[in-house]
Enquirer: 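Below is one structure. I have some questions about it.
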Number of protein chains: 2
Amino acid sequence: MSVSPPPITRFERLQRLAKRFPQLDSSGLETCITLLRLSNDLSDAYDASLARHGLSKGRFTVLVRLYSTSETEGGRGLIPAELAESSCVSRATMTGLLDTLEKDGLISREDHPEDRRMYTVHLTPKARQLLEGMLPEHYRRVAALMSPLSEQERDTLRELLAKVSTGLPAFREP
Amino acid sequence: MSVSPPPITRFERLQRLAKRFPQLDSSGLETCITLLRLSNDLSDAYDASLARHGLSKGRFTVLVRLYSTSETEGGRGLIPAELAESSCVSRATMTGLLDTLEKDGLISREDHPEDRRMYTVHLTPKARQLLEGMLPEHYRRVAALMSPLSEQERDTLRELLAKVSTGLPAFREP
DNA sequence: AGTCGATGATTTGGTGGCTAACCATCCGGA
DNA sequence: TCCGGATGGTTAGCCACCAAATCATCGACT
C-alpha cells in the first residue's frame, strides 16, 4: 500500500493551466469562480428558505413586487410584461408563474380596462396574509446573512459588483 | 387623459417596505438583491458563451476538471463522486452529465481497478481538442469581464464575498 | 374603412438541476 | 464466515426556466 500523495488544490491546478494558456488571468478567473460559487450557494439557500412557504424565487418576487406596488400606488395592478421585466424572467415564464399563483389562489387576473391584449394582476387577501406572515422572518434572515459586513463594506461590495457588471458586455461580445 | 405619474423606483418601494417591516435591513437587502441579479446575469452570459461549443456550465466544469487533473497527475482519472463534489452538483446530476458527455464522445468510463462500485472517467482526444480550441477564447472573455477591477479590487471582492459566505449558515438556520 | 407592423400573452418542446428511493459493492465486527 | 452499515452509481419523477412559434389585439398609415 502506498501513502496517498498530498492533495492538489484547485488553486494549484489553476496555476498549471495558466502556464499552458497565457490568456488565463488567474486572479480574474479565481474571482469569477468565487462569485459563481457563492451565487449558486446563495441562490440555493434562498430557494430552500422560500420553499418552506410553498414559493420559488420567481413566485416570491412577483408577490413582493405586487405587494410593494399596491402599498405605494393604491392597487392599480400590474401587467404581466411589467412583472416579467422587474422579475428578470421571460414573458413565457411569467405566464407559467401567474398560472400557478392563480391556481393557488394568490393572485387574480382582471381585464385591463383599456387594452384587451393584456390584463392586470392583483394580490388576493390570502397572498397578503402569506406575505405579512413570512416577510418579517425572511427579512430577518437576509439581515443575518449580511450582518458580517459593515455598512461601508456593503457599499464597497455593491460598487465592485457594479464594476463587474460593466464588464459583462465585453464578456458576451462576438 | 392624465399625464403618467413619475415612475417609482425599486429603491423607493424598498424604503416603503422598510417602514412597514422593521426587520428589513435596507442596505443588506439592497446588497443581496444586487448580488443575486449580477449572479443571474453572469450565469446566463456564461451559459450562452459555452453553448456555442455545445457545452453547459456543468459539462464544461467536468471537462476542465478532468483536463487540469490529467495535466498535473498523469491521467489517473477521477471517479464520479469526486467530479460531483468539485463541480458542486449532486451525484445524480453527475450521472446525467457523464451520460451525455459519453454519448457525445467527450469522455470514457473505465473500470476502477480496485473497487467495482465505481469507475474512472477519462477525457477523449476529441474533448482535449475541443478544450484546447475553446479555452484561449474563454479565458480571454473572463479576463475582459474582470478587467474593470484592479488587482486590489479583486482581492477585496473575493474577501467580501467570503464574508457573505460566512453569513449563509445564519441565513439558513431554522 | 382596411391593412399591416408592433406589442401582448400563451403554447410547445427542451434543458439542467434536484430529491428520494433503489441496487450493487465494500469492509469491519460479531 | 456472514451480516449490516457505509459508500458507490443510477433511476424516476419533479420544478424552474428558456426560446421559438402562435394567436389576439392595437394603432397608425393609406
Side-chain angles (χ1 to χ4, degrees), chain A residues 1 36-37 39-63 77-104 107 109-121, chain B residues 1 36-37 39-63 77-85 87-104 107-121:
Chain A
M1 285 296 162
L36 284 171
R37 291 209 171 200
S39 303
N40 210 42
D41 291 349
L42 177 54
S43 198
D44 287 352
Y46 220 86
D47 285 338
S49 169
L50 295 174
R52 304 180 200 190
H53 303 97
L55 297 177
S56 65
K57 258 201 305 289
R59 286 157 62 86
F60 177 73
T61 305
V62 169
L63 294 183
L78 292 170
I79 64 172
E82 286 173 310
L83 287 169
E85 165 119 18
S86 72
S87 305
C88 299
V89 298
S90 68
R91 287 183 200 180
T93 298
M94 187 50 60
T95 297
L97 289 175
L98 294 174
D99 283 348
T100 71
L101 286 170
E102 186 175 38
K103 196 177 49 181
D104 292 350
I107 61 120
R109 290 163 147 126
E110 291 171 24
D111 290 344
H112 190 287
E114 292 156 19
D115 193 328
R116 278 193 297 170
R117 284 173 302 183
M118 357 177 176
Y119 51 85
T120 59
V121 182
Chain B
M1 285 297 161
L36 284 170
R37 290 209 172 201
S39 303
N40 211 42
D41 291 348
L42 177 54
S43 197
D44 287 352
Y46 219 86
D47 286 338
S49 170
L50 295 174
R52 303 180 201 190
H53 303 98
L55 297 178
S56 64
K57 259 199 304 289
R59 285 156 63 85
F60 177 73
T61 304
V62 169
L63 294 183
L78 292 171
I79 63 170
E82 286 174 311
L83 288 168
E85 166 120 17
S87 304
C88 299
V89 299
S90 66
R91 281 182 302 192
T93 298
M94 186 51 59
T95 297
L97 289 175
L98 294 175
D99 283 347
T100 72
L101 286 170
E102 186 175 39
K103 198 176 50 182
D104 293 350
I107 59 123
S108 64
R109 290 163 147 125
E110 291 170 22
D111 289 344
H112 191 287
E114 292 156 18
D115 192 328
R116 278 193 299 171
R117 283 173 302 182
M118 357 178 175
Y119 52 84
T120 59
V121 183

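Worth knowing before you read on, the calculation uses all heavy atoms, side chains too, and leaves out hydrogens, waters and symmetry mates. Here is the naming used below: chain letters follow the sequence lines, and residue numbers restart at 1 for every chain.
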Enquirer: Between atom CE in A:Met94 and atom P in C:dT7, what is the gap in whole Å?
Expert: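 That distance rounds to 20 Å.
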Enquirer: Using a cut-off of 4.0 Å on non-hydrogen atoms, how would the nucleic acid contact of A:Ala92 be classed: base, sugar-phosphate, or nothing?
Expert: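 Counting heavy atoms under 4.0 Å across all strands, the contact made by A:Ala92 includes a base.
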Enquirer: Hey, does the side chain of A:Tyr119 come within less than 4.0 Å of D:dA24's phosphate (OP1/OP2), counting only N and O?
Expert: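 For D:dA24, neither OP1 nor OP2 has a side-chain N or O of A:Tyr119 closer than 4.0 Å.
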Enquirer: Nearest whole Å is fine: how far is D:dT25 P from A:Asp111 CG?
Expert: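 For the pair A:Asp111 CG and D:dT25 P, the rounded distance is 12 Å.
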Enquirer: Specify the separation, in whole Å, of atom CD of B:Glu114 and atom P of C:dC26.
Expert: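 These atoms are roughly 11 Å apart.
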Enquirer: Say you draw a straight line from CG of B:Leu50 to OG1 of B:Thr61; how long is it, rounded to the nearest 0.5 Å?
Expert: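 B:Leu50 atom CG to B:Thr61 atom OG1 measures 8.0 Å (nearest 0.5 Å).
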Enquirer: Nearest 0.5 angstrom please: B:Thr120 OG1 to B:Glu82 CD, how far?
Expert: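 CD of B:Glu82 is found 10.0 Å from OG1 of B:Thr120.
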Enquirer: Roughly, in whole Å, what's the span from CZ in A:Phe60 to P in D:dC17?
Expert: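 Atom CZ in A:Phe60 sits about 14 Å away from atom P in D:dC17.
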Enquirer: Return the value, rounded to whole Å, for the distance between atom CG of A:Asp44 and atom C1' of C:dC18.
Expert: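 That distance rounds to 9 Å.
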Enquirer: Have a look at B:Arg59 and tell me which of B:Asp47, B:Asp104, B:Asp99 forms a salt bridge (Lys or Arg N to Asp or Glu O under 4.0 Å) with it.
Expert: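 The option that passes is B:Asp104.
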Enquirer: Can you measure A:Arg117 atom CZ to D:dC23 atom C1' for me and round it to whole angstrom units?
Expert: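 Roughly 13 Å, once rounded to whole Å.
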Enquirer: Which nucleotide in the list D:dT11, C:dT7, D:dG8 gets nearest to the side chain of B:Thr95?
Expert: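 Minimum distance to the B:Thr95 side chain belongs to D:dT11.
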Enquirer: In terms of heavy-atom contacts, does CD of A:Glu110 have more than 12 from other residues, nucleotides or ligands at under 6.0 Å?
Expert: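 Above 12, so yes.
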Enquirer: Can you name the side chain to side chain contact (heavy atoms under 4.5 Å, CB included) partners of A:Asp41, sequence neighbours left out?
Expert: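 Scan of A:Asp41 (side chain to side chain contact (heavy atoms under 4.5 Å, CB included), adjacent residues dropped) gives B:Leu168.
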Enquirer: For B:Arg91, report the nucleic acid contact type (base, sugar-phosphate, nothing); a contact means any heavy atom under 4.0 Å.
Expert: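 Touches a base.
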Enquirer: For the side chain to side chain contact (heavy atoms under 4.5 Å, CB included) test, which of B:Val121, B:Leu97, B:Thr100 pairs with B:Ile107?
Expert: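 Going through the options one by one, the only one that passes is B:Val121.
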Enquirer: Tell me: CG of A:Leu50 to P of D:dC17, nearest whole Å?
Expert: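 So the two atoms are 11 Å apart, to the nearest Å.
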Enquirer: Does D:dG27 have its OP1 or OP2 closer than 4.0 Å to a side-chain nitrogen or oxygen of A:Arg116?
Expert: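 For D:dG27, OP1/OP2 do not have a side-chain N/O of A:Arg116 under 4.0 Å.
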Enquirer: Tabulate protein N/O versus nucleotide N/O from nucleotides 13-17 of chain C, keeping only pairs under 3.5 Å, one per line.
Expert:
none

Enquirer: Check whether any side-chain heavy atom of A:Pro80 sits under 4.5 Å from a side-chain heavy atom of A:Leu98, and report yes or no.
Expert: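 Yes, side chains in contact.
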Enquirer: Rounded to the nearest angstrom, tell me the gap between atom CD1 in A:Ile79 and atom C1' in C:dA9.
Expert: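 Rounded to whole Å, this separation is 10 Å.
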